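Inspection log for the structure reproduced underneath, given as structure tokens.
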Amino acid sequence: LHPDKQKHGLSMNIQPTMGMGLSAKVRLQLNLDMIKLNGVALFEKLPVDRMLIPIMWFEDTISKPPETLTIILRDALSLPFNCSNGFFGLILSSIFIQLYSIWLISLPTVSTKSFVLPSVRVSLLGRTFKN
């Protein structure tokens with residue numbers, strides 16, 4: 001056998017970041033290895049002691065991934081940039097909420113014990129009410 005890398009080789013084009021296959025050429029040949037065995041009448045008629053018989057040739061080519069897979073790959077590769085902007089906004093809003101909480105806590109508190117209710121007199125139909 002004289003294999004030629006261009007005709008018989010396997011090749012794949014892989015996207016390096018995600019490790020997804022973008023294109024591929026798969027070629028495969030299945031062979032039957034026959035060996036002459038003494039005492040077995042079927043194999044005694046072989047012209048040589050060992051023979052490699054090709055049984056099947058398989059070749060499949062994928063030139064490019066489907067469009068939906070290309071869109072998913074594009075979105076996945078742009079995801080870190082989009083997430084970093086969203087993450088930055090989340091951090092800023094979290095800092096704002098924490099600073100606002102600290103400001104609210106630092107305000108002077110008003111105790112209800114410090115209030116003195118004024119004395120009120122209400123006159124209604126000649127009757128006087130006092131609290």
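All figures in this text were calculated on a predicted structure; none of them were measured in a lab.
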Measure the spacing between [atom1] of [X] and [atom2] of [Y] and express it to the nearest 0.5 Å.
X	Y	atom1	atom2	answer
R74	I72	CZ	CD1	10.5 Å
L52	N31	CG	CG	4.0 Å
L28	D60	CG	CG	11.0 Å
L30	I53	CG	CD1	13.5 Å
I35	L37	CD1	CG	7.0 Å

| task | Could you go through the side-chain contact (heavy atoms from CB on, under 4.5 Å) check for D33 and R50 one step at a time? | result | CA-CA 7 Å; D33 189 12; R50 186 172 187 177; 2.4 Å; yes
So if you build clusters from Ile, Leu, Val, Met, Phe, Trp, Tyr with side-chain heavy-atom gaps below 4.5 Å, do [X] and [Y] land together?
X	Y	result
I55	M34	yes
L104	I97	no
V40	V48	yes

| task | Could you check if a side-chain atom of L73 sits within less than 4.5 angstrom of a side-chain atom of L22, using non-hydrogen atoms only? | result |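 Counting from C-beta outward, L73 and L22 do come under 4.5 Å.
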Would you be so kind as to tabulate the donor-acceptor pairs closer than 3.5 Å made by side chains of residues 8-15, with sequence neighbours excluded?
| from | atom 1 | to | atom 2 | distance (Å) |
| --- | --- | --- | --- | --- |
| H8 | ND1 | D4 | N | 2.8 |
| H8 | ND1 | D4 | O | 3.1 |
| Q15 | OE1 | T17 | N | 2.9 |
| Q15 | OE1 | M18 | N | 2.6 |

| Does any N or O in the side chain of R27 come within less than 3.5 Å of the main-chain N or O of K7, such that one atom is a donor and the other an acceptor? |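 Yes.
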| request: Using the salt bridge (charged side-chain N to carboxylate O under 4.0 Å, His left out) rule, collect all pairs that involve residues 94-103, keeping only residues at least two apart or in two chains. | output: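 The answer is none; no pair qualifies.
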| request: Taking all non-hydrogen atoms of both residues into account, name the closest pair between S63 and S23 and its distance. | output: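 Looking at all heavy atoms of both residues, the shortest contact is O-CB, 3.3 Å.
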